[in-house]
Amino acid sequence: VMLPARWFNLYRLDSLSSAERGTALPGVLNFVYLPRDTTQLPQTLIVVAVYDSIAWQKVKAAGGPPPGDSVTSGSGRVYVVALPQSNPFSPGSADAAKFDSLSLTGSEKSSLLKLNPAAIRK
């Protein structure tokens with residue numbers, strides 16, 4: 001995962017429970033923004049999940065919005081990135097401005113994941 005340098009020291013990495021990750025493979029990464037205002041709850045910046053390609057096709061066929069966008073695939077796996085739909089902080093607040101500044105550009109999203117074919121296990 002290639003995160004932008006501007007994210008440095010502004011997030012923590014969480015994992016999701018089995019129920020939260022659904023049919024995604026174990027090891028889902030949840031990058032969570034840490035608000036400056038400590039009375040505010042941390043909020044997800046991005047979720048990176050890996051699905052077996054058959055499971056991903058079932059998720060997409062189930063109807064409704066998928067849990068993210070597939071950004072690459074390889075060795076029977078699909079790599080999915082989910083971004084927030086909106087800014088969860090009060091408009092005009094310092095955390096709203098910072099959260100917006102951490103949004104990924106199109107090129108950042110497309111280059112977020114780098115696959116090492118030698119490291120991918122079937």
Side-chain angles (χ1 to χ4, degrees):
V1 178
M2 307 295 290
L3 297 174
R6 68 182 181 281
W7 282 31
F8 184 72
N9 276 342
L10 297 173
Y11 71 91
R12 75 169 181 237
L13 186 57
D14 289 344
S15 59
L16 300 180
S17 70
S18 295
E20 291 172 319
R21 71 178 164 82
T23 58
L25 296 172
V28 173
L29 303 176
N30 183 19
F31 294 88
V32 179
Y33 170 68
L34 302 173
R36 293 177 184 169
D37 179 350
T38 57
T39 65
Q40 299 293 314
L41 294 175
Q43 298 291 323
T44 295
L45 284 164
I46 189 169
V47 175
V48 179
V50 181
Y51 289 81
D52 172 271
S53 59
I54 293 169
W56 179 246
Q57 290 307 316
K58 289 179 182 178
V59 166
K60 288 186 69 171
D69 297 318
S70 63
V71 292
T72 192
S73 61
S75 299
R77 296 189 172 152
V78 178
Y79 298 79
V80 175
V81 170
L83 301 171
Q85 297 300 309
S86 62
N87 189 324
F89 298 100
S90 298
S93 70
D95 283 311
K98 181 53 79 175
F99 194 86
D100 282 342
S101 77
L102 299 175
S103 295
L104 297 178
T105 65
S107 64
E108 287 172 333
K109 183 178 170 185
S110 64
S111 65
L112 184 70
L113 301 177
K114 301 289 184 204
L115 299 183
N116 178 353
I120 298 174
R121 294 176 288 191
K122 286 193 171 200

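The basis for the numbers below is simple: all heavy atoms, side chains too, and nothing from hydrogens, waters or symmetry mates.
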Is it the case that one hydrophobic cluster holds both [X] and [Y], taking links as side-chain heavy atoms less than 4.5 Å apart, direct or via other members?
X: L16; Y: V1; result: no
X: V78; Y: V28; result: no
X: V80; Y: L104; result: no
X: L83; Y: L34; result: no

Side chain to side chain donor-acceptor pair (under 3.5 Å) partners for T39, two or more places apart: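 T39: side chain to side chain donor-acceptor pair (under 3.5 Å) contacts with D37.
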To the closest 0.5 Å, what do you measure between [atom1] ([X]) and [atom2] ([Y])?
X: I46; Y: L3; atom1: CD1; atom2: CG; result: 7.5 Å
X: R77; Y: I54; atom1: CZ; atom2: CD1; result: 12.5 Å
X: S93; Y: R36; atom1: OG; atom2: CZ; result: 10.0 Å
X: N30; Y: Q43; atom1: CG; atom2: CD; result: 10.0 Å
X: N87; Y: S103; atom1: CG; atom2: OG; result: 7.5 Å
X: L113; Y: S73; atom1: CG; atom2: OG; result: 11.5 Å

Please name the pair of heavy atoms, one in [X] and one in [Y], separated by the smallest distance, quoted to 0.1 Å.
X: A24; Y: A49; answer: CB-CB, 4.0 Å
X: P88; Y: F99; answer: CD-CE2, 3.5 Å
X: L102; Y: W7; answer: O-NE1, 2.9 Å

Other residues, nucleotides, ligands: >12 heavy atoms within 6.0 Å of L25 CG: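 Correct, the count exceeds 12.
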Geometric class of the F89/Y33 ring pair [parallel <30°, tilted 30-60°, perpendicular >60°]: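 The arrangement is perpendicular - the two ring planes meet at more than 60°.
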